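Before any comments, here is the structure.
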Amino acid sequence: MSTPPAAVPRTTGTPRMRTRIAILAAAAIAAWLLPYGLDSYAIHVVDVILIFAILAVGLGLAMGIAGQVNLAQVAFFGVGAYATAILTTRAGLGFWVSAVLAVLATMAIGLVVGTPALRVQSHYLGIVTLGLALAFTSWVTNAEVSGGAEGLPGIPVPTLPGIDLTSEYLYYYLELFAFVVALGFGEFIVRTSLGRRMRAMRDDALAAGALGAEVPILRMTAFLLASVYGGVAGVLYAGLIQYVAPESFSIATMFLLLAMVIIGGRQSLVGCVVGAVSLALVREALVDHPTIAQIAYGSVVVLVVVFAPTGLAGLPSRIRDAVARRRGRRGVPARMTPFVPYEMSAAADPDAPAILRVQGVTKQFRGLKALDDVSLDVPAGEIRGVVGPNGSGKTTLFNVISGLYRPTSGRVEFRGRDMTAHAPYRLARAGMSRTFQNLRLFGALTVQENILVAIDRSHTAESWRYLLRPISVLRRDRDLHRRAREVIDRFGLTEFAELAPGALPYGTQRRVEIARAVAAAPALLLLDEPAAGLNGEEVRQLSEIVRSIRDSGVTVIVIEHNMGLVMSLCERVTVLAGGRVIAEGTPAQVARTPAVIEAYLGDSMGDLPEVSAT
Amino acid sequence: MKRPSVLALAVVVLAAGCSAPGADEKSTGDGTGPIKIALVDAQSGQLSSLGAWELKGARLAVDEWNAAGGINGRQVQLDVFDDQGDPTTGTNLARKIDSEGYLAMIGTAESAVTIAMAPILKQAEIPNITSGQSPGLVAVGSEFLFLNGPTSTTYDETLAEHIVDKQGIKSIAMITNNGSYGKGEHDAFLKALQARSVTPVADQVVTTDQKDFSAVLTGIRQKNPKVIFLGAEEVESGLIVKQARDLGITATFAGAAPQGTPVFLDTAGVANAEGTIVSSPYLGNDVSDASKKFAAAYKTKFNEEAELHGAKAYDGTQIMLTALKTSNVATGKALADAIRATKYQGLLGSFAFDQTGVGIFATSIGTIKGGKLVAAAG
């Protein structure tokens, strides 16, 4: 198993590392010795549990890590098992050849099942995948090749030279090997680039896309991974039970699997394993008491969901938190340190070519014209302000520019290329980065991981490296961590690096979001109301940060209501009202325009400051 | 400090690694104490009603034997295990009853679960009398597996024989569902028809949870068949019959065991179901003196009417206990041989097992008359 050293926080590295290695070693020895203490019944149960554990890890990857509600995991399991059964008993192929083909077949099915995820999400996706799982059981019940309702008996036991796998004790070691590889590979993914992106997509698909995560490819990858795990589990099932029947892959099994993942803690793969093992053991213990089995089993599920919403895996940290709270020991609160300005790289050149050119953009929502023929040129190296009363279309304009909305008409040129309605992740990769009006940080990721997602520019399609060149993945990840550290240190967030953003003060969250947007190394930075909710001192710091970002060579567009900030920070200001550009010019020019004064009178006089020439 | 313990552990691991695990000491039943028989059936989930009936039938048989002094002075202990209708759970239970020293097993009612358990029970040499009736059970080819009734092929073969050969009806339509029961019925009945060179005028497949059959039935009405074969569970069959009569279809319905049950009659309506031809090994509680006695005992003990599944499990358990007695509480292969040698006159008829583990090869044909299933003439 590879635990990337980079994932362990530097400060607490060695002691934690040592306990981890000790726990792993103890677990390895226990797993190795386990069969010596078990009778033939117990080892069979353990063999079945290991298969379910692999399935649960696969489901955990898709649902817990990537946030894709996948109720077709049992169908992946079934495809793997049935393909093995059909290929060995009907086509007469050897077990291992069949196994490889079966996993490939499952992957193909995985891609098919995943396709709806490109269009629908959450419970809709659940319904679609559940439907596909039902279709699978219906098909195997009725198809000739799958043996119909009677299933397919007589699947041969796999052979390995020198090891008699008909013994369920030795089969255990085969499964153990597969399980360790599966869990290790899963953890490897979760802790590095691919998994981080998936978790970011789970927390906020919109923000992840705006930071360059290829959301459609990531969703398909999630299903592909789930199907590989399902296929492997299916192959092992076929070899162990030597018989497949439609009932083994029923919806009841799917819900059992779901319960395992939820009880164990879906956001942690080890949690999924804990859930699979504990639920299977509870079920086995209740076999002798069929009358109370259903009630007891249901109660366990309900109790865990009510009292441990993060699952069993989340219990230790919840208890630790509760104890710390009881003791009133809160430690020294983390403090934000001053921002370290960038080196001046290039002075703003007033004659620079436009980096962004918006031409005649109209955006219509049914009857409402949110943007009406808006045109706007922003030269490279400028700080541009976009102001206007509430509802004047400022954020809509940002959403059109960053690809979240497709304009009804008009075009958006970015760095000289027509990028109208390109997917947000394409625009992000072309060098555009943004923040959101109401903070869209990835809540379940640490501050450092938030930054890492932005820094990471690798292509998800290159994920084959995980299989073929794992070392290069690790090396790259270490490099990403180093660069993330630099950004974090520069933005004075060092003490927050390991914390979840949700727990931070609002002003700090604002700064994290700006740091994240800058970490993506953009050419154009869109800031949507960066000063909202900040106090006077924080606004002053913000102004300094934005100026320094521009000095490092980044063009900045700011939507802002804080006129003091706009007037002092921006070189030019575009004023929107009712979806139209009503004025553009230097802050001083704009403030004198009668149309602007009129627009603001309709809104609130207070927003318009006394203009003093600066 | 740490080194010796690590070293010791390494030695243990190595030593353990040299010998393969699983040197199994088996705890078979010793010569004293109760005779342990396992009943494995779905006690929860969709098939739990089947499991409950089975349990009652088996319990009745065991209690009768225990009241009469048990076998060789030993009481019979019947323990229940819940397979949840799931083959994987079934394999767990097969290992469990093996390791806990059960001599024999009754159940399950679900063919797929029984087939999944069969290789383990064969290896452990535990004889099993199942209530499943799929031909796949025979295909397993285990000398430890016995059926307490005819296979579904027999049901449909007897039915086809009655309709086609005896009554000379060749205009037959089929409605079956795509569940495991319906699919089995479809294949078996179609095969029986084809063997008689009869092609059904319609062969319609519905889903297991379908409630509206008007489209299917309208199509069939145009073909005007004399008999409509039903391959679906009780409630669905009842709904089909009711809706067919509403559409003015007057054809006679025919089917296997589900069409003879009170649930079917209630759903279809007594008048609508009139004349339905049923192929079942157990037509009802009033057919013979034995069945009357069984039904009375069943009613006294459980306060409900006996039915087919309880009767089958009762027969199967009686056979198992008889074989235990004649073999002097043998185990394993000897017990299996004793079961195979047992000739038994039961509720379903006379049992005489062949090498495939099937002991009875005929069903009876009954028709529904005035809301009651009675033996058909001839």
Side-chain angles (χ1 to χ4, degrees), chain A residues 25-26 28-29 32-45 47-48 51-52 138-139 141-142 144 147-154 163-164 166-170 172-173 237 240-248 250 252-253 256 280 283-284 286-291 293-294 297, chain B residues 9 12-13 16-17 19-22 24-27 41 43-46 48 51 79-89 91-100 110-113 115-116 118-120 123-124 134-137 139-140 178-184 186-187 205 207-208:
Chain A
I29 292 170
W32 186 257
L33 293 180
L34 182 67
Y36 291 89
L38 298 179
D39 64 7
S40 64
Y41 159 55
I43 193 71
H44 182 79
V45 171
D47 281 357
V48 171
I51 288 172
F52 272 88
S138 173
W139 182 77
T141 311
N142 287 281
E144 205 65 54
E150 283 161 22
L152 286 173
I163 303 174
D164 174 22
T166 52
S167 155
E168 293 196 349
Y169 290 92
L170 296 179
Y172 164 80
Y173 290 107
Y237 180 88
L240 176 70
I241 310 287
Q242 297 157 48
Y243 170 66
V244 289
E247 285 88 346
S248 301
S250 64
T253 313
L256 172 70
R283 245 162 70 101
E284 215 47 53
L286 288 172
V287 153
D288 293 340
H289 314 283
T291 40
Q294 286 293 302
Y297 174 68
Chain B
L9 254 176
V12 170
V13 173
S19 64
D24 221 358
E25 84 290 357
K26 202 144 145 204
S27 55
D41 252 318
Q43 302 297 320
S44 58
Q46 282 187 321
S48 58
D79 291 329
V80 189
F81 299 91
D82 180 10
D83 66 36
Q84 303 167 13
D86 172 34
T88 316
T89 309
T91 61
N92 285 351
L93 291 175
R95 290 288 179 195
K96 187 177 172 74
I97 62 176
D98 174 28
S99 73
E100 293 181 0
E110 172 75 348
S111 298
V113 180
I115 297 175
I120 297 173
Q123 188 198 352
S134 152
L137 292 165
V140 168
N178 63 359
S180 53
Y181 173 75
K183 170 72 177 159
H186 173 270
D187 294 354
V205 177
T207 62
T208 48

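Remember, it's a predicted structure, so these values are computed and weren't measured experimentally. Numbered from 1 within each chain, the chains take letters A, B, ... in sequence-line order.
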Select, from Leu137(B), Thr89(B), Asp83(B), Thr91(B), the one with the greatest count of heavy-atom pairs under 4.5 Å involving chain A.
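Of Leu137(B), Thr89(B), Asp83(B), Thr91(B), Thr91(B) has the most heavy-atom pairs under 4.5 Å with chain A.
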In terms of heavy-atom pairs under 4.5 Å, which option from Val140(B), Asn178(B), Val113(B), Asp86(B) contacts chain A the most?
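Max contact count across the listed options: Asn178(B).
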Under 4.5 Å from a heavy atom of chain B, the part of [X] involved:
| X | value |
| --- | --- |
| Pro246(A) | neither |
| Val48(A) | side chain |
| Ser250(A) | neither |
| Tyr172(A) | neither |

When rounded to the nearest 0.5 angstrom, what is the spacing between [atom1] in [X] and [atom2] in [Y]?
| X | Y | atom1 | atom2 | value |
| --- | --- | --- | --- | --- |
| Lys183(B) | Asn142(A) | NZ | CG | 5.5 Å |
| Asp82(B) | Leu286(A) | CG | CG | 10.0 Å |
| Ile43(A) | Ser99(B) | CD1 | OG | 12.5 Å |
| Ile241(A) | Asn92(B) | CD1 | CG | 7.0 Å |

Step-by-step side-chain hydrogen bond (donor to acceptor under 3.5 Å, both in side chains) determination, Thr88(B) to Tyr237(A):
CA-CA 9 Å; Thr88(B) 316; Tyr237(A) 180 88; 2.7 Å; yes
For the residue pair Tyr41(A) and Ile97(B), establish whether any side-chain heavy-atom pair is separated by less than 4.5 Å.
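The answer is no, as the side chains (C-beta and beyond) never meet within the 4.5 Å cut-off.
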Considering all heavy atoms, the nearest Glu150(A)-Pro135(B) contact:
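Distance-wise, the nearest heavy atoms are OE2-CD, 3.3 Å.
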Do you know the tightest heavy-atom contact between Glu247(A) and Ala112(B)?
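Shortest heavy-atom separation between Glu247(A) and Ala112(B) comes out as OE1-CB, 3.4 Å.
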Leu93(B), part contacting chain A, at a heavy-atom distance under 4.5 Å:
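Contact with chain A is through the side chain of Leu93(B) alone.
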Residue Ile120(B) versus chain A: region with a heavy atom under 4.5 Å:
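The side chain, not the backbone.
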Is any side-chain N of the basic residue among Glu284(A) and Lys96(B) closer than 4.0 Å to the acidic one's carboxylate O?
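No salt bridge links Glu284(A) with Lys96(B).
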